[in-house]
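A short write-up of the structure that comes next.
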Amino acid sequence: MIIFNRPPFTGNEEKYLIQSMKSLKISGDGEFTQRCHRWFEEKLGCKKALLTTSCTHALEMTALLIDIQPGDEVIMPSYTFVSTANAYALRGAKIVFVDVRPDTMNIDETLIEAAITEKTKAIVPVHYAGVACEMDTIMDIANRHKLFVIEDAAQGMMSSYKGKALGTIGHFGTFSFHETKNYTSGGEGGLLIINDENYITQAEIIREKGTNRSQFFRGMVDKYSWVDIGSSYLMNDLSAAYLWGQLDIADEINDERVNHWKMYYKGLSGLSKKGVLELPVVPDSCLHNGHMFFIKVKDLNERTNLIEHLKSHGIHAVFHYVPLHSAPAGIKFGTFFGEDIYTTTESERLVRLPLYYGIKQEDIESVINTIVEYYA
Ligand SMILES: *Cc1c(COP(=O)(O)O)cnc(C)c1O
């Protein structure tokens with residue numbers, strides 16, 4: 001059986017976990033959390049990095065930071081994970097979905113401006129498969145209309161756009177360390193990047209149950225108290241220790257994934273040239289992280305058959321998001337602005353192939369050969 005995903009594991013996690021277990025500080029913001037924070041701030045080049053319990057929670061923090069009120073509107077693609085929308089719907093926002101570009105499956109930046117109203121508060125671009133959205137255009141629109149930009153970079157760790165790390169371009173960036181992502185903190189975990197200095201103190205307060213405990217630990221105040229609304233969004237230090245065991249060799253993990261991605265691309269380019277299927281598109285402005293390899297086939301019917309065919313050959317390939325605007329909560333909390341030209345039809349054609357850190361080259365070859373045979 002060739003499985004679809006295996007959580008990343010390097011073997012370094014154990015020693016750091018034990019080190020953390022034996023330390024006398026295993027709750028949030030302990031030694032490994034501090035190490036990870038410094039690593040992200042240096043590696044990504046950002047003002048402030050805060051580990052969180054999940055990307056979902058990092059997104060929820062941004063909804064509090066930008067003070068979403070009932071009736072505010074937030075623009076995003078419909079082709080994304082539920083948390084992108086749920087985080088803002090939770091605060092009473094109306095979600096405004098716009099169509100995706102068929103090449104990258106990212107939000108179509110040319111459709112955003114028309115969807116803006118006086119109630120619009122933010123744009124949430126999702127960097128699908130770790131390939132960047134057209135951020136220059138999005139930032140320009142946001143600046144002209146005084147809107148916040150929150151990058152959902154859940155899949156984008158180590159990817160960049162015109163040399164800038166994803167998550168460091170908008171006002172905020174969020175990442176996931178769920179077991180399905182390129183790096184994991186032991187199953188669940190996330191990261192909030194704050195690029196606008198004015199929000200750092202408030203983010204620390206929101207993350208620490210609405211208290212100024214972070215300032216207290218730094219000796220900036222002599223007691224800590226309840227100063228604002230917040231919740232418990234900080235990662236425990238054991239999870240940070242697990243993550244540290246992967247950041248240790250982050251470049252190696254990234255290079256390996258990108259090589260796997262290239263193997264698929266090369267191996268399937270013959271079918272692409274014949275017009276049988278489509279391969280992912282990476283614009284010149286983007287360096288990606290090999291998060292995902294997907295192909296697009298003719299239609300939903302062909303996809304179902306291909307997934308079935310691969311399964312009968314012991315290969316687990318999967319489809320991805322069912323567009324949010326057609327889901328029960330999407331209908332309740334959101335609305336699709338303009339015409340759904342690509343979101344539904346393109347999502348129905350997309351198949352993701354097995355790709356993870358440690359997958360064997362012969363397994364990738366076997367997946368490629370099985371697809372080639374299917375179309376022979
Ligand atoms: C994985 C993912 C999330 C959620 O991440 P969690 O850490 O599981 O909360 C949000 N958005 C996108 C685009 C994702 O891929």
Side-chain angles (χ1 to χ4, degrees), residues 8 36-37 39-63 65-66 74-77 79-88 100 104-107 109 122-139 142 148-178 180-185 188-196 199 203 233 235 243 246-247 250 253-254 257-258 280 282-283 285-292 320-321:
C36 291
H37 284 174
W39 192 92
F40 289 122
E41 284 160 12
E42 277 165 29
K43 185 87 179 173
L44 306 181
C46 63
K47 299 244 166 60
K48 189 76 185 171
L50 292 172
L51 284 178
T52 58
T53 29
S54 64
C55 180
T56 302
H57 277 166
L59 287 161
E60 284 181 24
M61 284 181 68
T62 67
L65 283 163
I66 67 172
V74 180
I75 298 172
M76 65 181 67
Y79 187 68
T80 182
F81 188 60
V82 294
S83 297
T84 319
N86 187 72
Y88 305 97
V100 291
T104 56
M105 297 304 280
N106 283 333
I107 191 167
E109 68 280 359
I123 306 167
V124 188
V126 179
H127 304 299
Y128 188 67
V131 174
C133 297
E134 193 39 58
M135 290 308 292
D136 278 354
T137 308
I138 293 172
M139 292 312 293
F148 289 101
V149 173
I150 299 112
E151 299 177 67
D152 183 342
Q155 304 170 11
M157 183 53 70
M158 305 285 273
S159 292
S160 60
Y161 170 81
K162 299 188 179 174
K164 285 186 201 149
L166 298 193
T168 67
I169 304 162
H171 298 81
F172 305 100
T174 66
F175 291 90
S176 174
F177 301 120
H178 184 260
T180 52
K181 303 303 200 288
N182 291 21
Y183 306 93
T184 185
S185 48
E188 307 279 354
L191 174 72
L192 174 66
I193 296 288
I194 299 138
N195 302 312
D196 184 335
Y199 291 90
Y233 289 127
M235 180 186 276
L243 179 62
Q246 307 196 350
L247 298 185
I253 293 175
N254 195 67
R257 291 191 78 116
V258 171
V282 180
S285 50
C286 309
L287 259 185
H288 74 98
N289 59 0
H291 173 64
M292 179 197 302
H320 211 183
Y321 307 127

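Computed from a predicted structure; not experimentally measured. All residue numbers refer to positions in the sequence shown, counting from 1.
When every heavy atom of C36 is checked against every heavy atom of L51, the shortest pair comes out as CB-CD1, 3.8 Å. P125 and I123 make their closest contact through CD-O, 3.3 Å (heavy atoms, listed as atom of the first residue, atom of the second, distance). Shown here for R257 and K181, the closest heavy-atom pair between the two residues is NH1-O, 4.2 Å. Between N195 and G167, the shortest heavy-atom contact is ND2-O, 3.0 Å. Taking both residues in full, the closest heavy atoms of T174 and D152 are given as OG1-CA, 3.6 Å, listed atom of the first, atom of the second, then distance. What you find for T62 and L192 is that their closest heavy atoms are CG2-CD1, 3.6 Å.
With hydrogens and angles disregarded, no donor-acceptor distance shorter than 3.5 Å links the side chain of S54 to the backbone of G189. Between the side chain of E60 and the backbone N or O of A87 there is no donor-acceptor pair closer than 3.5 Å. Side chain of H291 to backbone of A129: no donor-acceptor contact under 3.5 angstrom is found. Checking side-chain atoms of N106 against main-chain N and O of V131 turns up a donor-acceptor pair under 3.5 Å. The closest donor-acceptor contact from the side chain of E151 to the backbone of L166 lies at 3.5 Å or more, if one exists at all. Checked by atom type and distance alone, the side chain of Y183 never pairs as donor or acceptor with a backbone atom of L247 at under 3.5 Å. Checking side-chain atoms of N289 against main-chain N and O of S159 turns up no donor-acceptor pair under 3.5 Å. At least one donor-acceptor pair under 3.5 Å links the side chain of T52 to the backbone N or O of G190. In this structure, the side chain of Q246 engages the main chain of P8 through a donor-acceptor pair within 3.5 Å.
Taking the side chain as every heavy atom from C-beta outward, I107 and I138 approach each other to under 4.5 Å. The shortest side-chain heavy-atom distance between H171 and I150 does not fall under the 4.5 Å cut-off. No side-chain heavy atom of E188 sits under 4.5 Å from any side-chain heavy atom of M235. The side-chain heavy atoms of V149 and M139, taken from C-beta on, include a pair separated by under 4.5 Å.
Here the straight-line distance linking atom NE2 of H320 with atom CE of M105 works out to 10.0 Å at 0.5 Å rounding. The distance from the NE2 atom of H57 to the OH atom of Y233 is 5.5 Å, given to the nearest 0.5 Å. Once rounded to the nearest 0.5 Å, the distance linking OG1 of T180 with CD of Q155 reads 8.0 Å. Expressed to the nearest 0.5 Å, how far CD1 of I253 lies from CG of N182 amounts to 8.5 Å. Here the OG1 atom belonging to T104 is positioned 12.5 Å from the NE2 atom belonging to H288, to the nearest 0.5 angstrom. Once rounded to the nearest 0.5 Å, the distance linking CD of E109 with CE of M135 reads 10.5 Å.
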**Asked** F148 and Y88: ring-ring contact (aromatic ring centres under 6.0 Å, His included), yes or no, with the steps?
**Response** CA-CA 13 Å; F148 289 101; Y88 305 97; over 10 Å; no

**Request:** For the pair F175 and L44, evaluate side-chain contact (heavy atoms from CB on, under 4.5 Å) and give the outcome as yes or no after the intermediate values.
**Result:** CA-CA 12 Å; F175 291 90; L44 306 181; 4.2 Å; yes

**Prompt:** Where do F172 and L59 land on the side-chain contact (heavy atoms from CB on, under 4.5 Å) test, with the steps shown first?
**Reply:** CA-CA 9 Å; F172 305 100; L59 287 161; over 6 Å; no

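Taking the six-membered ring for Trp, F40 and F177 have ring centres closer than 6.0 Å.
Side-chain polar atoms of Y128 and T80 form no donor-acceptor pair below 3.5 angstrom.
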